[in-house]
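FYI, side chains are in, hydrogens and waters are out, and symmetry mates aren't considered; it's all heavy atoms of this structure. Quick caveat: nothing in here was measured; it's all calculated off a predicted structure.
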Amino acid sequence: MSISKEEVKHVSELAKLELSDTDLELFTSQLDDIIGMAEQLSEVDTTGVPVTTHITDVLNVMREDVAEEGTDRDLLFKNAPDSENGLIKVPAIIDESEEA
């Protein structure tokens, strides 16, 4: 499977990235190489190889679940530039009025 320039351009538009023709060529080539490497891995015979879920023998360290006093909201909101109804207001990052 290879990736086309149109697919790379579509993904860049979804991510709201502007790519020059040179960048589009470069990223298409690089992504095609990455997909090729991933396809090579799927060809490896892993019969009899145990599943690797962790690369170390470290186990989760559990602690007792004890409720603790939280930080005062007024103190936290001192650093927030704007708030409303007990929530921090942030600028919109997705403007649904924009054309796709």
Distance-only donor-acceptor hits, side chain of residues 79-88, under 3.5 Å, sequence neighbours excluded:
{"from": "Glu84", "atom 1": "OE1", "to": "Lys89", "atom 2": "NZ", "distance (Å)": "3.3"}

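Judged by distance alone, the side chain of Ser29 and the main-chain N or O of Glu25 form no donor-acceptor pair under 3.5 Å.
Linking Ile, Leu, Val, Met, Phe, Trp and Tyr whenever their side-chain heavy atoms come within less than 4.5 Å puts Phe27 and Ile34 in one cluster.
Expressed to the nearest 0.5 Å, how far CD of Glu7 lies from OG of Ser2 amounts to 7.5 Å. Here the OG1-CD distance, from Thr71 to Glu69, works out to 9.0 Å after rounding to the nearest 0.5 Å. Separating the CG atom in Asp32 from the CE atom in Met37 is a distance of 10.0 Å, to the nearest 0.5 Å. If you take CG on Asp21 and CG on Leu26, they are separated by 12.5 Å, rounding to the nearest 0.5 Å. The distance from the CD1 atom of Ile3 to the CG atom of Leu31 is 5.0 Å, given to the nearest 0.5 Å.
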Set out, in order, the CA-CA distance, both residues' side-chain angles and the distance that settles side-chain contact (heavy atoms from CB on, under 4.5 Å) for Lys78 and Leu75, then state yes or no. CA-CA 5 Å; Lys78 281 176 104 175; Leu75 179 61; 4.0 Å; yes
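Think of Val51 as one node in a network of Ile, Leu, Val, Met, Phe, Trp and Tyr side chains linked at under 4.5 Å; it has no links at all.
Here the options are Thr28, Val11, Val8, the test is side chain to side chain contact (heavy atoms under 4.5 Å, CB included), and the partner is Leu19; only Val8 passes.
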